[in-house]
Q: 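A single structure is presented below for examination.
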Amino acid sequence: MLNKKIEKALNDQLNMELQSAYIYQSMAAYFEGINFKGFAKWMEVQAGEEQEHAKKIYDYIFAKGGKVTLEGIDAPKTAWKNAEEVFKESLGHEQAVTKSIEKIYALARKENDYATEIFLQWFITEQVEEEDNATSILEKIKLLGANNSTSMYLLDKELGARA
Ligand code: FEO
């Protein structure tokens, strides 16, 4: 059985992951709209990963005999100044996700919920990669210049290779 506090925290995290998928899908739509197909593809893959994160939590709640409660998802932002602004926000979002996961991890420790603690370890490791991905793309954009069309063309090609 899941204790109610943990169940609520996991449901909130499930919502946050779905919210993340929605945000990244909106970023994909923004890039698609300005013909940055590679950036759009990268964001599409990211949105798909967020749905997988949500599903992991969904399955775990059921495996522990808990109740899944889906809630509303806020409409995401739809326009940005340029790719640099998108990745700045993407990094900020991932940092917020990391904090949220860590909070649940601390709660699981406090409640002596060892299974949830172990379950969340995957997410803690994943967040290191999530923040690293966003940081390294943001740094590249800053280095190349978000308004330099040749550089952005090349980066668009590189990001489009994400499988
Ligand atoms: Fe599921 Fe990007 O955090």
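Numbering of ligands and ligand atoms starts at 1, following listing order.
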Q: Once you measure the plane-to-plane angle for F119 and Y60, does it fall in the parallel (<30°), tilted (30-60°) or perpendicular (>60°) bin?
A: parallel
Q: As a test of reading the structure, name the N/O/S atom of E130 that is nearest atom 2 (Fe) of ligand 1.
A: OE2
Q: Would you say the side chains of E50 and Q46 form a donor-acceptor pair under 3.5 Å?
A: yes
Q: Closest to atom 1 (Fe) of ligand 1, which N/O/S atom of H53 is it?
A: ND1
Q: Distance only, no hydrogens: is a donor on one side chain within 3.5 Å (strictly under) of an acceptor on the other, for E131 and Q127?
A: no
Q: I'd like to know if atom 2 (Fe) of ligand 1 has an N/O/S atom from E94 within less than 2.8 Å of it, counting both backbone and side-chain atoms.
A: yes
Q: Only N/O/S atoms count here: what is the atom of E50 closest to atom 2 (Fe) of ligand 1 called?
A: OE2
Q: I'd like to know whether NZ of K140 has more than 12 heavy-atom contacts from other residues, nucleotides or ligands below 6.0 angstrom.
A: no
Q: So, S20 versus H53: side-chain donor-acceptor pair below 3.5 Å or not?
A: no
Q: Of the backbone and side-chain N, O or S atoms of E17, does one lie nearer to atom 1 (Fe) of ligand 1 than 2.8 Å?
A: yes
